[in-house]
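In listed order, ligands and their atoms are each counted from 1.
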Amino acid sequence: MSFVVTIDGPAAAGKSTTARAIARRLGWRYLDTGAFYRALGLKALRRAVPLTDAEAAAFARETTIEFSGDPDGPRLVLDGEDVTDAIRTPAASDAASRVAALPAVRRQLVEWQRALRAREPLVGEGRDLGTVVFPDAEVKLYLDADLDTRAGRRLRELRLQGTESEFDAVRDEIRVRDERDRSRADSPLRAATDATVLDTTGMDLERQVEAALAVIRSHRAFPGPVPAPGPSAAPGSIAEPGGQRGRGRA
Ligand code: DC
């Protein structure tokens, strides 16, 4: 089994930027599990009626999700449609957190996420990676930061995407979503008992990545960077450093 690093934590704690930076630096595979919940959330949002628990199993089974884990530009294809940008809106965030509370949805997505573990080292991020998806991960990190810091980071991200929002509205959206993610019965957001908790309040991105890398490098089985495949790479090797294709289908 490959070396796995899990990064869990509340919304906008810097999990994605840290995980992607690590995957890029080490040439490892990158897995954004939140993107899977966002994709199903978006699909549920597009229905006229809310998704019930009873319908959730068939709903998830009938869905196809392709995740390409290139840390420089991960893409998500839902039922053949590229929804990489559409899953990043505040409405899709809220919908993701709602479908994520449905046990049948979690069962299906966890199965697909586990199947993406390959021979290459992997850095994955989400809410339950250290506790449920990869409980045997070599390194488990839990990233946290105070609510105002996280709201400020999310506001900047949304502005970069061209979405204008108010600080208070973003802060509220994150607070409500975290409460829902922490209080659900199935796989609630929490740090694994063997996770290293990093409080990134007041840290810039570079320090955050260095702090995470220091924990990863200190593991006795740290495999080091994976060299980028050259032009004579054997068939079946990864085409781009950290690149990954995962597919979930019934
Ligand atoms: O990491 P994110 O903000 O993209 O995640 C969106 C939502 O998906 C989050 O509010 C809760 C859910 N989620 C989850 O329940 N488990 C995961 N492993 C990842 C995300």
Undergrad: Just need the protein heavy atom nearest to atom 12 (C) of ligand 1, so name the residue and atom and give the distance.
TA: Ala100 CB, 3.7 Å
Undergrad: Please table the atom pairs, donor to acceptor, closer than 3.5 Å between any side-chain atom in residues 84-92 and protein atoms at least two apart or in another chain.
TA:
from, atom 1, to, atom 2, distance (Å)
Thr84, OG1, Leu76, N, 3.0
Thr84, OG1, Asp82, OD1, 2.5
Arg88, NH2, Asp32, OD2, 3.1
Thr89, OG1, Ala92, N, 3.2

Undergrad: Begin from the C-alpha positions of Val209 and Glu206 and carry the test side chain to side chain contact (heavy atoms under 4.5 Å, CB included) through to its verdict.
TA: CA-CA 5 Å; Val209 172; Glu206 206 174 318; over 6 Å; no
Undergrad: Please go through Leu155's hydrophobic cluster and name the other residues, only I, L, V, M, F, W, Y counting, with side-chain heavy atoms under 4.5 Å joining them.
TA: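 Once heavy-atom contacts under 4.5 Å are chained together, Leu155 belongs with Leu147, Leu158, Phe167, Val170, Ile174.
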Undergrad: For atom 18 (N) of ligand 1, what is the closest protein heavy atom, and at what distance to 0.1 Å?
TA: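 Of every protein heavy atom, Asp128 OD1, 2.8 Å lies nearest to atom 18 (N) of ligand 1.
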Undergrad: Have a look at ligand 1 and work out which part of Arg184, if any, has a heavy atom under 4.0 Å from it: side chain, backbone, both or neither.
TA: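 Just the side chain.
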Undergrad: Of Val4, Val123, Leu122, Ile7, which is the lone residue that meets side chain to side chain contact (heavy atoms under 4.5 Å, CB included) with Leu31?
TA: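 Of Val4, Val123, Leu122, Ile7, side chain to side chain contact (heavy atoms under 4.5 Å, CB included) with Leu31 is met by Leu122 alone.
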Undergrad: Tell me whether Leu102 is reachable from Leu189 by hopping between hydrophobic residues (I, L, V, M, F, W, Y) whose side-chain heavy atoms are closer than 4.5 Å.
TA: no
Undergrad: Does ligand 1 have any atom that is closer than 4.0 Å to a heavy atom of Arg180?
TA: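 Heavy atoms of Arg180 never come under 4.0 Å of ligand 1.
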Undergrad: Can any side-chain N or O of Arg217 pair as donor or acceptor with the backbone N or O of Phe222 at less than 3.5 Å?
TA: no
Undergrad: Among all protein heavy atoms in this structure, tell me which lies nearest to atom 19 (C) of ligand 1, with the distance rounded to 0.1 Å.
TA: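 Looking only at protein heavy atoms, the one closest to atom 19 (C) of ligand 1 is Thr33 OG1, 3.4 Å.
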Undergrad: For atom 6 (C) of ligand 1, find the nearest protein heavy atom and state the residue, atom name and distance (0.1 Å precision).
TA: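 Checked against all protein heavy atoms, atom 6 (C) of ligand 1 sits closest to Arg177 NH1, 3.5 Å.
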Undergrad: Kindly indicate whether the side chain of Asp128, heavy atoms from C-beta on, has any atom under 4.5 Å from the side chain of Arg106.
TA: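 Yes, at least one pair of side-chain atoms sits under 4.5 Å.
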Undergrad: To which protein heavy atom is atom 4 (O) of ligand 1 closest, and what is the distance rounded to 0.1 Å?
TA: Arg38 NE, 2.6 Å
Undergrad: With rounding to the nearest 0.5 angstrom, report the CZ to OG distance, Arg180 to Ser97.
TA: 4.0 Å
Undergrad: Before signing off on this row, confirm whether Arg154 and ligand 1 have an N or O atom pair separated by under 3.5 Å.
TA: no
Undergrad: Check each of Arg127, Arg106, Glu173 against atom 15 (O) of ligand 1 and report the one with the nearest heavy atom.
TA: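 That would be Arg106.
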Undergrad: Where is the nearest protein heavy atom to atom 8 (O) of ligand 1: which residue, which atom, and how far?
TA: Tyr37 CB, 3.4 Å
Undergrad: What residue and heavy atom of the protein are closest to atom 11 (C) of ligand 1, and at what distance?
TA: Asp181 OD2, 3.2 Å
